[in-house]
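To start, the structure under review is shown below, and the notes come after it.
The basis for the numbers below is simple: all heavy atoms, side chains too, and nothing from hydrogens, waters or symmetry mates. Quick note on labels: first sequence line is chain A, next is B, and so on, each numbered from 1.
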Amino acid sequence: GQQVQQSPASLVLQEGENAELQCNFSTSLNSMQWFYQRPGGSLVSLFYNPSGTKHSGRLTSTTVIKERRSSLHISSSQTTDSGTYLCALEPAYNTNTGKLTFGDGTVLTVKP
Amino acid sequence: ETAVFQTPNYHVTQVGNEVSFNCKQTLGHDTMYWYKQDSKKLLKIMFSYNNKQLIVNETVPRRFSPQSSDKAHLNLRIKSVEPEDSAVYLCASSSLRDRYEQYFGPGTRLTVL
């Protein structure tokens, strides 16, 4: 089965609403990253968060190893938040290769 | 400026031609990667190099070959392109010093006619 599963696949919000994106994984991990990708754009690293909670502006990432999940919370969404959000992890069995396995992504659309 | 740079941005070619993509990072990292992102936006690792040594080589067709002259450069050559090679090719870099947090280039979009 797929090692990294993201949900929801797509999400439509009104500007100002909050979003909660989920990433569930089936293996222990060395690293976990969240990325943002605008259509036709490059991947921008949002968080490197293999465990615990990290904050950056309106974004919060929480990774709970025991429950094999990581979440990305976006508060007070803006139209410029629209794009694809990807989680990626390096499985623990990949000894120091840095090789990432990506989820399928969540496509977020924020309407004005 | 410290970042990951890729050239070209776009490339359109015919089936059977050879193409080559370049990637350079100025972040001082020792590990570089090539990923392929298909039309469904699925991202998959292709190759990984650490200090010019190949350390990850996923199951990709043999017409794909990575080339590394030094730890700051990792190029990708496709010997005889096929229509299914149309995709965005993303280069990334990381280092043990930064716990392998990966930084990506802008990508090269390949269209095979």
Side-chain angles (χ1 to χ4, degrees), chain A residues 2-6 8-11 21 23 27 29-52 54 56 61 63 65 70 82-109, chain B residues 2-7 9-10 23 25 27 29-51 53-60 66 71 74 87-111:
Chain A
Q2 200 169 346
Q3 286 186 323
V4 186
Q5 294 197 324
Q6 287 190 245
S10 62
L11 183 60
L21 281 52
C23 179
T27 179
L29 52 84
N30 288 334
S31 69
M32 163 66 72
Q33 274 187 263
W34 282 93
F35 294 92
Y36 167 71
Q37 187 175 39
R38 197 176 282 283
S42 181
L43 289 176
V44 175
S45 179
L46 298 175
F47 291 103
Y48 175 90
N49 187 21
S51 68
K54 291 193 174 180
S56 177
S61 169
T63 299
I65 298 292
S70 182
S82 296
T84 301
Y85 292 81
L86 294 152
C87 70
L89 61 85
E90 181 192 7
Y93 56 78
N94 281 350
T95 310
N96 289 334
T97 64
K99 169 187 158 184
L100 290 178
T101 299
F102 280 81
D104 292 348
T106 293
V107 179
L108 175 65
T109 305
Chain B
T2 54
V4 182
F5 303 93
Q6 289 186 242
T7 57
N9 294 329
Y10 304 93
C23 179
Q25 55 92 7
L27 295 162
H29 289 164
D30 55 17
T31 306
M32 296 184 71
Y33 313 82
W34 277 108
Y35 290 86
K36 179 181 179 181
Q37 188 172 37
D38 62 22
S39 56
K40 294 180 184 175
K41 303 296 183 187
L42 299 176
L43 258 160
K44 291 203 172 158
I45 183 83
M46 299 176 71
F47 301 102
S48 171
Y49 265 74
N50 178 263
N51 281 319
Q53 298 291 324
L54 180 67
I55 56 171
V56 170
N57 183 1
E58 294 298 297
T59 306
V60 297
K71 65 180 184 180
L74 182 63
V88 176
Y89 292 87
L90 289 157
C91 176
S93 72
S94 71
S95 74
L96 177 60
R97 172 195 75 206
D98 293 334
R99 303 155 305 168
Y100 290 115
E101 180 175 1
Q102 291 190 24
Y103 296 82
F104 281 77
T108 294
R109 181 177 294 277
L110 174 66
T111 301

### Message
If we ignore hydrogens and angles and just use 3.5 Å, is the side chain of A:Gln33 paired with the main-chain N or O of B:Gln102 as donor and acceptor?
### Response
yes
### Query
What residue in B:Ser95, B:Gly105, B:Ala92 has the most heavy-atom pairs under 4.5 Å with chain A?
B:Gly105
### Message
Heavy-atom cut-off 4.5 Å, strictly under: side chain, backbone, both or neither for B:Gln37 against chain A?
### Response
side chain
## Note on the structure
Heaviest contributor of heavy-atom pairs below 4.5 Å to chain A, chosen from B:Leu90, B:Val88, B:Leu42, is B:Leu42
### Atom pair CG (A:Leu43) and CG (B:Leu43), whose distance is rounded to the nearest 0.5 Å
5.5 Å
### Message
Tell me whether the count of non-hydrogen atoms from other residues, nucleotides or ligands lying under 6.0 Å of NZ in B:Lys41 goes above 12.
### Response
yes
### Task
Locate the shortest heavy-atom distance separating B:Tyr33 from A:Lys99; write the atom from each residue and the value.
CE2-N, 4.1 Å
### Query
Roughly how far, to the nearest 0.5 Å, is CG of A:Leu100 from OG of B:Ser48?
9.5 Å
#### Entry: Distance (rounded to the nearest 0.5 Å) between A:Phe35 CZ and B:Phe104 CZ
4.5 Å
### Reported OG-to-CD distance for the pair A:Ser31 and B:Glu101, which is rounded to 0.5 angstrom
9.0 Å
### Task
Among A:Gly105, A:Pro50, A:Ser42, single out the residue with the greatest number of heavy-atom pairs under 4.5 Å to chain B.
A:Ser42
